[in-house]
Amino acid sequence: MRPAVLDPALPRLSRRANHGAVWFAAAAALAATRTPRARRAASRGLASLGLASLTVNALGKRTARHVRPAPVPLIGQPKRRPTTASFPSGQAAAAAAFATGVALESPAWGTVVAPVAASLALSRARGGAHVPGDVLAGAALGVGAAFAVRGMVPTRGQAAPPARTRAEVPALPDGEGLVLVANTAAGSADRARALRDALPRAEIVECEPQDVPAELEKAATRARVLGVCGGDGTVNTAARVALRFRLPLAVLPGGTLNHFAYDLGIEDVRDLARALRAREAVRVDVGRYSCGGKQGVFLNTCSVGVYPELVRERERWSHRIGGWPAGVLAALRVLRADRHPLEAEFQGRTHPLWLLFAGNGTYHRMGLASGRRMDLADGQLDVRVVHGGRRPAARLLAAALAGPLTRSPAHAALQVGRLRLDHVAPGTLLAYDGEVTEVEGRVTVEKLPEALTVYRPVPSD
């Protein structure tokens with residue numbers, strides 16, 4: 001399309017882009033799609049826009065004080081002439097930053113946003129607010145800001161999971177043989193119905209949380225592949241059943257965090273349907289804790305200390321005020337409480353501990369991004385210990401910021417295949433995949449290497 005065809009619309013687009021209004025509206029539209037990839041694209045676009053705007057206003061316009069071009073626009077005279085320096089174009093920088101940030105996270109959404117960004121950049125030159133050099137410099141700065149944000153917070157696609165020997169699983173092109181149990185309390189009904197549309201012969205069982213274990217047991221007796229849709233706690237229950245019946249597991253994320261599904265590379269129905277049709281599956285490790293006659297498995301994490309107390313406190317409030325507000329309130333209540341650190345014998349020595357965290361697989365941090373697992377079958381427990389002492393909140397924050405740093409006076413990190421805690425006080429809480437139980441005496445945490453077969457879309461080379 002020739003630029004002259006767009007001339008009637010360009011001034012309006014340029015005015016609506018003031019203060020980033022167009023891009024905030026675009027981000028809201030992306031977030032409203034309720035897909036993780038689109039939401040990450042929206043967040044990355046806004047972060048890139050923010051960095052670009054900060055750079056333009058704090059450095060660019062203050063350093064190069066170019067005057068605006070003479071008011072002879074190629075299209076209608078702007079109603080209000082800008083008074084700031086001309087170089088570089090702030091709107092072009094914001095447009096390029098937002099579009100590039102979105103495209104780095106989601107190329108598909110990037111192709112939707114890019115024409116709007118290009119039109120807006122064009123409007124700045126054709127409207128007489130800038131010379132072409134200002135626009136090009138602003139666009140280059142915006143692209144650079146998006147890549148700078150990616151350097152600090154990498155996209156999920158930057159670090160693909162390592163290649164693993166594919167597990168032998170049945171192909172289900174139309175879903176026949178899949179019985180999927182969906183936890184309706186996790187807000188998973190829409191996703192379960194979308195899976196029914198994608199795989200019409202799959203059997204979908206929707207049930208309340210209290211009925212999930214029984215429905216999974218019944219589903220396992222007639223399924224070739226056991227499916228589950230829900231949060232990490234629901235997936236944990238399904239994994240126990242799949243292990244006992246020796247069935248492959250198909251996971252559709254339907255909860256709040258969905259750590260296991262996302263680390264597998266499954267974000268939506270399309271990812272799972274593709275894996276089921278193409279027989280794409282791998283074997284992953286399972287963590288197991290045992291204490292006396294009590295035993296359980298975990299796919300994500302197992303912990304004692306402050307975190308289990310936070311989980312229990314969050315559960316008390318989540319049904320009243322929602323998950324995220326309940327998590328914030330629980331953290332404030334737990335960290336402000338007057339309590340003593342947990343005493344336990346770890347690696348032959350008795351330690352006061354605020355927190356002992358064991359991850360099923362090594363959690364990696366890239367830039368400022370939160371940790372994620374690249375390899376779900378590395379045979380390692382990722383153990384993080386926050387030592388007891390004064391100011392638990394400061395110690396926990398220091399451990400979180402330090403990530404995988406090996407050792408400090410406040411915390412330590414190590415990778416082992418098995419660990420044991422002795423002399424754990426009665427009534428001590430242990431959290432695993434968001435569930436909480438009580439332990440005492442000796443607690444053993446170990447790995448079950450490649451014990452579970454799960455469908456996972458294999459990344460293309």
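Just so it is clear, the values below take in all heavy atoms, side chains as well, and ignore hydrogens, waters and symmetry mates.
- A salt bridge links E203 with R222: the distance from a Lys NZ or Arg NE/NH1/NH2 to an Asp or Glu carboxylate oxygen falls below 4.0 Å.
- At a threshold of 4.0 Å, the pair D190-R193 counts as salt-bridged, since one of the basic side-chain nitrogens sits closer than that to a carboxylate oxygen.
- In this structure a side-chain-to-backbone donor-acceptor pair under 3.5 Å is missing from T100 to A97.
- Using a 4.5 Å cut-off on side-chain heavy atoms (C-beta onward), V416 and V383 make contact.
- A salt bridge does not link E267 to R39: none of the charged nitrogens lies less than 4.0 Å from a carboxylate oxygen.
- Looking only at distances, a side-chain donor or acceptor of D232 sits under 3.5 Å from a matching main-chain atom of H259.
- Between the side chain of S53 and the backbone N or O of G50 there is no donor-acceptor pair closer than 3.5 Å.
- Residues F298 and Y289 place their aromatic rings such that the two centres sit no closer than 6.0 Å.
- Between the side chains of T362 and D382, no donor-acceptor pair is found at a separation under 3.5 Å.
- In this view, E168 and R279 satisfy the salt bridge (Lys or Arg N to Asp or Glu O under 4.0 Å) rule, not counting sequence neighbours.
- At least one side-chain heavy atom of L264 sits under 4.5 Å from a side-chain heavy atom of L376.
- Within the 4.5 Å cutoff, side-chain heavy atoms of R420 are placed close to those of R442.
- Counting heavy atoms from C-beta on, the side chains of P457 and I266 come closer than 4.5 Å.
- A 4.5 Å side-chain heavy-atom check between K447 and V286 finds every atom pair outside the cut-off.
- Here R456 does not pair with E280 in a salt bridge; the nearest charged N to carboxylate O distance is not below 4.0 Å.
- Two residues are said to be in side-chain contact when any heavy atoms from C-beta on lie closer than 4.5 Å; L243 and L452 meet this criterion.
- For the pair N236 and F260, the minimum side-chain heavy-atom distance is 4.5 Å or more.
- With respect to L430, the side chain to side chain contact (heavy atoms under 4.5 Å, CB included) criterion is satisfied by exactly one of V436, V445, V439: V439.
- Under the 3.5 Å distance criterion, with hydrogens and angles disregarded, no donor-acceptor pair is assigned to the side chains of E440 and T428.
- With hydrogens and angles disregarded, a donor-acceptor distance shorter than 3.5 Å links the side chain of D268 to the backbone of D271.
- Side chains of L414 and R384 form no contact here, defined as non-hydrogen atoms less than 4.5 Å apart.
- Judged purely by atom type and a 3.5 angstrom limit, N360 uses its side chain to pair as donor or acceptor with the backbone of D285.
- To the nearest 0.5 Å, atom CZ of residue R240 and atom CG of residue D433 are 9.5 Å apart.
- The side chain to side chain contact (heavy atoms under 4.5 Å, CB included) with P170 is formed by just one residue from the set L276, L178, V225; it is V225.
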